[in-house]
Asks: 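Structure in structure tokens, see below.
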Amino acid sequence: LAAYLGKLFFLDLNNTVLLTRIFFSFSLFLAIYSFVHLFFKEKLMVLAASTMVFFGNTLLSRYGLLKLLSGDGLRTEFLNFSRIPHPLISSLFFFVFLSLFWLFLKRKKWYFGGLSGLFLGLSFYVYLYTWPFLYVFSGILNSLQREVIKYFPPLLELKKCLIIPSCIRR
């Protein structure tokens with residue numbers, strides 16, 4: 001994904017990395033914002049939660065907090081969460097899937113279910129260990145909406161169809 005973004009704008013490697021960090025960080029912030037907004041309607045809390053995902057690792061770690069309080073500044077790599085491809089792009093797929101799956105459960109529209117199944121399958125390609133967490137979180141979200149349990153297995157079958165080429169290639 002990052003390489004295609006650089007090809008699209010005819011950028012060299014350094015500028016591609018810079019552009020992808022900005023673009024995917026903004027996209028991830030919007031994905032986290034939309035997911036948290038599905039549960040909490042207060043905008044200040046949603047903004048705080050989305051911001052905390054990005055800055056929480058840096059600001060709340062012992063090293064980062066000591067550096068901040070002593071006035072020495074923070075790490076040179078300020079946003080650890082903006083590393084490409086993981087955790088930035090894999091987290092983007094993670095939160096987009098969770099948002100779409102929750103919309104599917106609440107509104108019972110199949111296009112949300114299809115898109116969430118697509119992002120579940122694509123998350124297997126981006127980072128191998130993301131999709132087990134997605135299974136767990138989708139089970140938790142599914143347990144919150146007990147009346148739509150019958151819709152969950154078809155989404156898992158769609159994910160299996162999407163990962164077959166990866167299993168054959170390996």
Side-chain angles (χ1 to χ4, degrees), residues 1-39 43 46-61 63-64 67-68 72-104 109-138 141 155-170:
L1 291 174
Y4 291 127
L5 196 59
K7 270 187 177 180
L8 179 69
F9 293 109
F10 305 104
L11 299 173
D12 62 343
L13 179 64
N14 292 331
N15 290 330
T16 300
V17 169
L18 182 64
L19 177 68
T20 53
R21 281 186 150 191
I22 292 169
F23 176 75
F24 286 118
S25 295
F26 180 70
S27 301
L28 178 61
F29 185 84
L30 289 179
I32 295 168
Y33 181 88
S34 66
F35 176 67
V36 176
H37 188 65
L38 292 172
F39 295 99
K43 290 188 177 171
V46 174
L47 280 171
S50 303
T51 305
M52 208 54 179
V53 170
F54 275 95
F55 298 118
N57 185 28
T58 304
L59 294 177
L60 297 179
S61 69
Y63 176 77
K67 286 293 205 181
L68 184 66
D72 291 339
L74 294 169
R75 299 178 190 159
T76 57
E77 180 69 32
F78 181 63
L79 287 177
N80 290 331
F81 207 71
S82 68
R83 289 175 297 162
I84 294 178
H86 178 71
L88 185 62
I89 296 174
S90 59
S91 298
L92 178 66
F93 281 106
F94 183 82
F95 285 106
V96 168
F97 167 78
L98 290 177
S99 299
L100 289 171
F101 189 70
W102 183 252
L103 287 172
F104 168 66
K109 303 277 185 190
W110 278 103
Y111 56 87
F112 288 128
L115 285 173
S116 67
L118 178 73
F119 276 95
L120 182 64
L122 290 175
S123 71
F124 183 80
Y125 288 106
V126 174
Y127 187 63
L128 183 64
Y129 301 109
T130 301
W131 64 270
F133 290 108
L134 288 176
Y135 273 123
V136 170
F137 279 111
S138 58
L141 292 177
L155 292 178
L156 298 181
E157 293 302 319
L158 176 64
K159 184 255 180 194
K160 288 178 187 173
C161 292
L162 287 170
I163 67 169
I164 287 173
S166 175
C167 294
I168 292 172
R169 189 176 48 183
R170 291 177 188 196

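Worth saying up front: this structure is predicted, and the values here are computed from it rather than measured.
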Asks: Name all residues meeting the side chain to side chain contact (heavy atoms under 4.5 Å, CB included) criterion together with Thr16; count only those two or more places apart in sequence or in a different chain, and write none if there are none.
Replies: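 Listed in chain order: Leu11, Thr20.
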Asks: Side chains of Phe104 and Trp110: does their closest heavy-atom pair fall under 4.5 Å?
Replies: yes
Asks: Over 60° means perpendicular and under 30° means parallel, so tell me whether Phe35 and Phe39 are parallel, tilted or perpendicular.
Replies: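 Phe35 and Phe39: perpendicular rings.
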Asks: Holding to side chain to side chain donor-acceptor pair (under 3.5 Å), I want the full list of residues that pass it with Asn14, two or more places apart in sequence or in another chain.
Replies: none
Asks: The criterion is side chain to side chain contact (heavy atoms under 4.5 Å, CB included); which residues satisfy it with Ala31, sequence neighbours excluded?
Replies: Leu92, Phe95, Val96
Asks: Output the distance between atom CZ (Phe119) and atom OG (Ser99), rounded to the nearest 0.5 Å.
Replies: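 Spacing of CZ (Phe119) from OG (Ser99) equals 10.0 Å.
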Asks: State the OG-CG distance between Ser25 and Leu30, to the nearest 0.5 angstrom.
Replies: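 It comes to 11.0 Å.
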Asks: Look up atom CG in Leu120 and atom CG in Leu98, then write down how far apart they are to the nearest 0.5 Å.
Replies: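 Answer for the CG-CG pair, Leu120 versus Leu98, is 9.5 Å.
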Asks: Quick one: pull up OG in Ser116 and CG in Leu103 and give me the separation to the nearest 0.5 Å.
Replies: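 Reported value, rounded in 0.5 Å steps: 9.5 Å.
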Asks: Residues two or more places apart in sequence or in another chain: which of them pass side chain to side chain contact (heavy atoms under 4.5 Å, CB included) with Ile89?
Replies: Leu1, Phe24, Ile84, Pro85, Phe93, Val126
Asks: Partners of Leu47 by side chain to side chain contact (heavy atoms under 4.5 Å, CB included), sequence neighbours excluded?
Replies: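 So Leu47 forms a side chain to side chain contact (heavy atoms under 4.5 Å, CB included) with Phe29, Tyr33.
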Asks: Atom CZ of Phe10 and atom CG of Asn15: how far apart are they, to the nearest 0.5 Å?
Replies: 14.5 Å
Asks: Please name all residues satisfying side chain to side chain donor-acceptor pair (under 3.5 Å) with Ser50, sequence neighbours left out, ordered by chain then number.
Replies: none
Asks: Would you name the heavy atoms of Leu19 and Phe9 that are closest together and state the gap between them?
Replies: CD2-CD1, 3.5 Å
